[in-house]
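Presented below is the structure to which this report refers.
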Amino acid sequence: MDEVTASKLIAYHYENDIHPLILAHCDYSLEVGKGTDFKYNFLAMERQLVDRFIEGKPLVVFKDNQFTFSQDAFSFDLFARLHQKIPQVDLSANISRQIISELHDLTDVHRILSVVNILVGFAVSGAADGEKLMSDYIHVTLKMSEDSGLKSPKANQLCKLKHLQSFWRILTVEKNRQLVLKNQVCPYRTNVISITN
């Protein structure tokens with residue numbers, strides 16, 4: 001936008017430029033008992049607007065400088081590598097709702113999210129089977145303590161390593177929802193990112 005000068009922009013004053021243009025292309029008639037009837041010649045008005053304000057002006061293209069937060073880039077890269085190792089599958093909406101209904105405490109959501117972040121890191125760096133239950137991977141493979149579980153009977157029963165990305169999303173959204181309900185934080189200041197397969 002640095003190269004754009006005032007002469008390249010469309011500038012007008014309503015009272016001096018637009019209002020007279022509208023009146024010049026307005027036909028009105030007054031009939032007794034019916035009042036005033038207005039008819040506008042929009043085609044002629046459009047031609048005059050183009051001739052007077054737009055013709056001869058260059059097309060200004062706005063270029064948006066995009067940036068990515070380093071944590072978002074790291075998370076995106078991590079999930080991209082996870083998807084290469086273990087093709088990810090979304091949990092159904094019904095299962096997602098059941099899992100969320102079992103998570104009432106924000107502290108539990110934070111703990112589970114921490115465990116899932118650990119799982120993602122290990123799944124990316126080592127050999128892992130997408131069909132293995134997350135709870136088995138936590139307690140048998142990684143030998144984490146019992147209090148490091150998923151806290152949701154439905155998640156323990158159904159969530160496999162192939163659901164890591166979906167489960168992470170569910171937990172992140174639930175964490176932000178609970179934070180907003182408690183007026184603790186704006187969810188847009190967290191590390192939620194859109195992850196596409």
Side-chain angles (χ1 to χ4, degrees), residues 1-84 87-93 96-97 100 103 106 109-110 113-114 116-117 120-121 124 163-197:
M1 292 291 288
D2 295 338
E3 303 88 33
V4 177
T5 61
S7 64
K8 295 178 181 177
L9 299 175
I10 297 172
Y12 65 90
H13 185 268
Y14 177 78
E15 292 295 325
N16 296 338
D17 298 319
I18 304 299
H19 192 251
L21 181 73
I22 293 170
L23 292 176
H25 296 288
C26 173
D27 295 324
Y28 54 93
S29 60
L30 178 62
E31 291 185 33
V32 178
K34 290 188 176 182
T36 307
D37 182 33
F38 292 96
K39 292 185 182 172
Y40 296 95
N41 186 345
F42 290 108
L43 189 60
M45 197 182 312
E46 180 183 6
R47 269 195 306 259
Q48 192 169 354
L49 276 170
V50 169
D51 289 345
R52 187 164 177 190
F53 296 107
I54 300 173
E55 192 172 292
K57 301 278 184 184
L59 179 64
V60 176
V61 178
F62 176 73
K63 294 181 182 172
D64 185 19
N65 294 328
Q66 296 184 355
F67 62 93
T68 305
F69 292 103
S70 61
Q71 181 62 36
D72 293 347
F74 172 76
S75 296
F76 182 79
D77 178 59
L78 192 64
F79 280 108
R81 288 186 293 148
L82 174 67
H83 190 71
Q84 286 176 342
Q88 294 296 293
V89 177
D90 285 338
L91 291 163
S92 72
S96 299
R97 279 191 295 277
I100 289 169
L103 303 175
L106 184 60
V109 175
H110 276 286
L113 200 49
S114 296
V116 169
N117 286 331
V120 171
V124 165
H163 300 124
L164 272 169
Q165 181 176 334
S166 179
F167 191 51
W168 180 86
R169 268 190 249 145
I170 291 165
L171 292 170
T172 303
V173 169
E174 179 60 16
K175 177 188 82 169
N176 289 326
R177 188 188 72 78
Q178 288 189 24
L179 287 172
V180 168
L181 288 175
K182 294 179 181 203
N183 291 322
Q184 289 187 4
V185 73
C186 173
Y188 302 108
R189 294 188 183 189
T190 62
N191 294 326
V192 178
I193 59 173
S194 174
I195 299 177
T196 56
N197 294 330

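Quick note: numbers below take in every heavy atom, side chains included, and nothing from hydrogens, waters or symmetry partners. Sequence positions, counted from 1, serve as the residue numbers for this chain.
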Can you measure from [atom1] ([X]) to [atom2] ([Y]) and round to the nearest 0.5 angstrom?
X: K34; Y: S29; atom1: NZ; atom2: OG; value: 9.0 Å
X: L49; Y: L21; atom1: CG; atom2: CG; value: 5.0 Å
X: N176; Y: L181; atom1: CG; atom2: CG; value: 11.0 Å
X: R169; Y: L164; atom1: CZ; atom2: CG; value: 11.5 Å
X: I10; Y: I54; atom1: CD1; atom2: CD1; value: 4.5 Å

Using the test ring pair (Phe, Tyr, Trp, His ring centres under 6.0 Å), find all partners of Y12 that sit at least two apart in sequence or belong to another chain.
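None.
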
Please name all residues satisfying ring pair (Phe, Tyr, Trp, His ring centres under 6.0 Å) with H19, sequence neighbours left out, ordered by chain then number.
Y14

Can you name the nearest heavy-atom pair linking [X] to [Y], along with the distance?
X: P20; Y: E15; result: CD-O, 3.3 Å
X: L106; Y: K182; result: CB-NZ, 4.2 Å
X: L78; Y: V124; result: O-CG2, 3.7 Å

Side chains of L113 and E174: closer than 4.5 Å at any heavy-atom pair?
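Counting from C-beta outward, L113 and E174 never come under 4.5 Å.
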
Below 4.5 Å, heavy atoms only, C-beta onward: do R81 and D77 meet side chain to side chain?
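Yes, side chains in contact.
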
Quick one: list whatever passes side chain to side chain contact (heavy atoms under 4.5 Å, CB included) with L91, sequence neighbours left out.
I95, S96, I99, C159, H163, S166, F167, I170

Residues two or more places apart in sequence or in another chain: which of them pass salt bridge (charged side-chain N to carboxylate O under 4.0 Å, His left out) with K39?
none

List for me each residue that meets side-chain hydrogen bond (donor to acceptor under 3.5 Å, both in side chains) alongside N117, sequence neighbours excluded, and say none if there are none.
W168

What is the ring orientation for Y40 with F42, classed by angle as parallel under 30°, tilted 30 to 60°, or perpendicular over 60°?
tilted

With sequence neighbours left out, which residue pairs that include part of residues 44-62 fulfil the side chain to side chain donor-acceptor pair (under 3.5 Å) condition?
D17-R52, H25-Q48

Let me see the working for L171 and K175 under side-chain contact (heavy atoms from CB on, under 4.5 Å), right down to the final yes or no.
CA-CA 6 Å; L171 292 170; K175 177 188 82 169; over 6 Å; no

